[in-house]
Visitor: 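Structure in structure tokens, see below.
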Amino acid sequence: MNIKREAFERHFCFLAAYDEYPNSDVSLQMESICLLNMFTSHCNETLQNLCCQVFAVVSEGLINLNGIQLHFIINNIGELFTIIILLELLISRTSLATNWNNYCKYLKATSPENMGTDKDKFNAILGAIDNITSKIMCDDLVQNTLQQLLVQRKNNLVEKNCTVVSMEFSQYIKQAIINLDKLVQQKPNTENMYKCIKVNALFVLNSHLFGSGDKKIFKALIDVNSKAHSIHIVGTTVWFPEQFLQRHAPSLVSSHSKLSQTMLKNRQAFMNAKKLSLSKDIAVLQNVCSQWILNVESIFSNNNKLNAAEMSLHAKIILEGLEITSTINHSLLTFLNLHSSLGIPLSKQTLMSLFEIIDLLKNIKNAITRNHNQILNSVTMIVQHLLFQAASSIQEVKKMLMCDKKYANKKLDELTCIVIAEQAIKGAATIERNTATNIALSFIPEATYVNDTYVKLGTLLERVQTLTNFLNNMDKYCNCSWMLSHQNVIPIYFEQLFCVDLNAPRLKQFFMVLEDCAALLHKTDQYYGNTKHCCSDATAFLPNLVNKSFKELCEENCLGEKLIEAAENLDDNISGLVSNFIEGTEYFKLLVDVFAPVFRNPKNVHLKNFFIIVPPLTLNFIEHMILSKDKMSKKNKAGAAFTDDGFAVGVAYILKLLDQDPSFESLHWFNAVWDHIKEERERINEQKTQGTLQLQQALALSEKKIKTLEEEFRLLYYSLTSARIFFR
């Protein structure tokens, strides 16, 4: 889901790095906090809406539920609830709530006058502050969500229908536990561990909404949790399943009195086993990774169109790489953060072994970077092929329904869903289209499909989504910015590398890790006061930085009180934007103020006519740009360029320094250029109707030159006009 990606890339990132900025003021973090609050509200509202629709489908009885597949919808309900669970966990692990409460106390102790605002606006601010506090700063985010969903269930479902929905949830959870029991042992990677959080989330949701705390299902869940006992989320945060269940399903956990001790023993056993097998595991991983890299280098060297067999091979290699990096990522981060969470120190030897695993991740990342374009081409072709297969299967089902006219009339809903799926799957492989296709297919009874068509379609759509997200996921798994949370091991690495065994290639790999950390800090810098840039963007919509008061305009035209009040609010907003923007662009004014006196000095009187030489300078620049662009397509690219804004900015700056903007405007130079081009074009058009073939060819060449000249002059005009805005 897009919502999951937004959660990890924006909000989880903000919370994970929060305590790296201990001196950052809450007021500077306000944008990120408001976005976090909006995102949380959006997750809650979407979750309630989705559940409400499921309840409505069951209650209204408009659709025959026999054979309907609700597992895709239940999976997405679990996805949303999991994000809410993780948001609560991450907020609780930071000092955000404490800092926020202190900020609220300070704000409530001050007066509107000290804030430079009136009483009504100040009360509105306090109301917004209280809203944020109640939603995300009170450590009961999950419980509030469950309570809201329970109210929805009571309002929309009668008791007899509760059993139907509960059975659907229970069936999904049972099957998910069976699948995960195998996966967490055979493929203990990041994605499968995330699914474990999701199934725990759905169990608690089902138990809370319908009271269906099935002890057999709970026991099976505990068995899975004993294998997936520690799941890394982001930074140093690890999710422990028993802690979640103890808080949200206490009655069931009470029958497993030694659950906490069992989980702790499992974690200790996991760490001890990893330490003992670390050398062997690294040797195996080195062989696996080296083989995969060799396969990538040899297989993706061909850029031609792929046949079906080649697509299958490429897809296999791509998915293998995803599996390898996901498994390494999970193992490494779980092992490292478990030691941190449980306060168990790591030996230098173990640390250096972990750095060897990091090297493997960076080697894989380098292989992907080298073959990026080829991999992207392959992914595109494979996805198109898979979509074609899925569309063909859907069309087969549609044809079968259309053949029987009586059946088609009786099962109009099914036919409609097939048509929706058919339309949704056509086009780009976006997550929205994928979701729409899956939902439409879910509402077609399983008996309608021939053999196992539904299962095949689900597999195809899942593979399409996996391949579409391949490069993003590989970047995520190979990214080592988490090292920022374990900075204390960095000196140990350099000490061992230089004192024990200097290995230059490994040093290069580690610098890539530090680059990841720097990129994360650069990204999170923006969250701290960059006003299961802002003002610059906003002022782009203002025609001028100095605008007439909208309130005055409304009063002059005798408009109503509400409009005048709205206009006043707009004036305040514009004023705030402009003042903040001007603060950020003050250096332009500084540049002019420092050098203007020197340029305008009587000693430099020879510059008083500088504006007159701007037209020939522009002609020279245009010729230069045309030649530079021509060189882009030639073998010898010395002096080649496709853009150059320096000239426009320089001319704008000098005109301002010399206070010659009005003088240059008086030349009407660009108007003269447009007139000249218009005349030349008219002359060419007149000659087109007469003359020999050779003349026609010459005229075509002249027309092309005129067009190129016009394009370059327009680009210069736009650049110069834009640059002059900076120095107004």
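Sequential numbering from 1 along the given sequence is applied to the chain's residues.
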Visitor: If you look at every heavy atom in N200 and C196, which pair is closest and at what distance?
Guide: ND2-O, 2.7 Å
Visitor: Could you state the interatomic distance from CG (N272) to CD1 (I344), rounded to the nearest 0.5 Å?
Guide: 8.0 Å
Visitor: Under 4.5 Å between any side-chain heavy atoms of H232 and M193, yes or no?
Guide: no
Visitor: Got a second to check how far S230's OG is from L264's CG, nearest 0.5 Å?
Guide: 9.5 Å
Visitor: Tell me if a side-chain donor or acceptor on N329 pairs with a main-chain N or O of Y477 at a distance below 3.5 Å.
Guide: yes
Visitor: Can you tell me how far CD1 of I299 sits from CG of L294, rounded to the nearest 0.5 angstrom?
Guide: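 L294 atom CG to I299 atom CD1 measures 10.0 Å (nearest 0.5 Å).
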Visitor: Say whether, by atom type as modelled, one donor and one acceptor occur between the side chain of S331 and the main chain of I328 under 3.5 angstrom.
Guide: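 Pair absent, no side-chain N/O of S331 close to backbone of I328.
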Visitor: Kindly list each side-chain donor-acceptor pair under 3.5 angstrom involving residues 466-473, sequence neighbours excluded, with atom names and distances?
Guide:
from	atom 1	to	atom 2	distance (Å)
T466	OG1	E462	O	2.9
T468	OG1	V464	O	2.6
N469	ND2	Q465	O	3.2
N473	ND2	N469	O	3.3

Visitor: Using a strict cut-off of less than 4.0 Å between a Lys/Arg side-chain nitrogen and an Asp/Glu carboxylate oxygen, indicate whether K316 and E320 qualify as a salt bridge.
Guide: yes
Visitor: Please check: side-chain N/O of T430 versus main-chain N/O of R433, any donor-acceptor pairing under 3.5 Å?
Guide: yes
Visitor: How are the rings of F244 and H248 set to each other: parallel, tilted or perpendicular (split at 30° and 60°)?
Guide: tilted
Visitor: Locate the shortest heavy-atom distance separating I177 from V224; write the atom from each residue and the value.
Guide: CG2-CG2, 3.6 Å
Visitor: Under the 3.5 angstrom rule, does the side chain of N434 hit a backbone N or O of L461 as a donor-acceptor pair?
Guide: yes
Visitor: Would you please name every residue forming a ring pair (Phe, Tyr, Trp, His ring centres under 6.0 Å) with F203, sequence neighbours left out?
Guide: F218
Visitor: What do the steps show when you test L306 against N377 for side-chain contact (heavy atoms from CB on, under 4.5 Å), and what is the final call?
Guide: CA-CA 10 Å; L306 307 178; N377 288 337; over 6 Å; no
Visitor: In the structure I gave you, are the side-chain heavy atoms of F14 and L35 within less than 4.5 Å of one another anywhere?
Guide: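 F14 does not reach L35 side chain to side chain.
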Visitor: Is it true that S95 and D19 share a donor-acceptor pair across their side chains at a distance under 3.5 Å?
Guide: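 Yes, because at least one side-chain N or O of D19 sits under 3.5 Å from a partner of the opposite role on S95.
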Visitor: Checking E88 side chain against V142 main chain: does a donor-acceptor pair fall under 3.5 Å?
Guide: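 Yes, the answer is positive, given that a donor and an acceptor are paired below the 3.5 Å cut-off.
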Visitor: Hey, does the side chain of K362 reach the backbone of C478 with a donor-acceptor pair shorter than 3.5 angstrom?
Guide: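 Looks like yes, one N/O pair under 3.5 Å.
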Visitor: So do H11 and T40 actually touch side chain to side chain, heavy atoms under 4.5 Å?
Guide: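 No, every pair of side-chain atoms sits at 4.5 Å or beyond.
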Visitor: With a cut-off of 6.0 Å (strictly less than), are more than 12 heavy atoms of other residues, nucleotides or ligands near OH of Y106?
Guide: no
Visitor: Counting distance only, does the side-chain N/O of N225 pair as donor-acceptor with the main-chain N or O of P241 below 3.5 Å?
Guide: no
Visitor: side-chain hydrogen bond (donor to acceptor under 3.5 Å, both in side chains) between N75 and E79: does it pass, once the steps are laid out?
Guide: CA-CA 6 Å; N75 177 64; E79 191 79 68; 4.9 Å; no
Visitor: Are any side-chain N or O atoms of N266 and backbone N or O atoms of S226, one a donor and one an acceptor, separated by less than 3.5 Å?
Guide: yes
Visitor: If only atom types and distance count, is the side chain of W482 paired as donor or acceptor with the main-chain N or O of T236 below 3.5 Å?
Guide: no
Visitor: So, do L202 and F81 sit near enough that their side-chain heavy atoms are less than 4.5 Å apart?
Guide: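 Not in contact.
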Visitor: With rounding to the nearest 0.5 Å, note down the distance linking CG in N192 to NZ in K198.
Guide: 10.5 Å
Visitor: Excluding sequence neighbours, so at least two apart, what forms ring pair (Phe, Tyr, Trp, His ring centres under 6.0 Å) with F355?
Guide: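 For F355, the residues satisfying ring pair (Phe, Tyr, Trp, His ring centres under 6.0 Å) (neighbours in sequence not counted) are Y493, F510.
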Visitor: Report yes if some heavy atom in the side chain of L36 is under 4.5 Å from a heavy atom in the side chain of L87; otherwise report no.
Guide: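 Counting from C-beta outward, L36 and L87 do come under 4.5 Å.
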Visitor: Under 4.5 Å between any side-chain heavy atoms of K227 and D181, yes or no?
Guide: yes
Visitor: Atom SG in C289, atom CD1 in I282: separation rounded to 0.5 Å?
Guide: 11.0 Å
Visitor: Identify the heavy atoms of R247 and D140 that sit nearest to each other, and give their distance.
Guide: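 Closest approach of R247 to D140: NH2-CA, 4.1 Å.
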Visitor: Side chains of S41 and K135: donor-acceptor distance under 3.5 Å anywhere?
Guide: yes
Visitor: Supply the atom-to-atom distance K476 NZ to T325 OG1, rounded to the nearest 0.5 angstrom.
Guide: 10.0 Å
Visitor: Is the F270 ring parallel, tilted or perpendicular to the H229 ring (thresholds 30°, 60°)?
Guide: perpendicular
Visitor: Does some side-chain heavy atom of I317 sit less than 4.5 Å from a side-chain heavy atom of F300?
Guide: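 With C-beta onward as the side chain, the pair touches.
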Visitor: Do side-chain atoms of N37 reach the backbone of I33 as a donor and acceptor pair under 3.5 angstrom?
Guide: no
Visitor: Can E242 and R267 be said to form a salt bridge (charged side-chain N to carboxylate O under 4.0 Å, His left out), step by step?
Guide: CA-CA 12 Å; E242 80 280 6; R267 290 178 191 118; 2.7 Å; yes
Visitor: Report the C-alpha distance between Y103 and N99 in whole Å, list the side-chain angles of each, state the deciding distance to 0.1 Å, and finish with yes or no for side-chain contact (heavy atoms from CB on, under 4.5 Å).
Guide: CA-CA 6 Å; Y103 175 76; N99 294 342; over 6 Å; no
Visitor: Quick one about N337 and S341 (side-chain donor to acceptor, distance below 3.5 Å, no hydrogens or angles considered), yes or no?
Guide: no
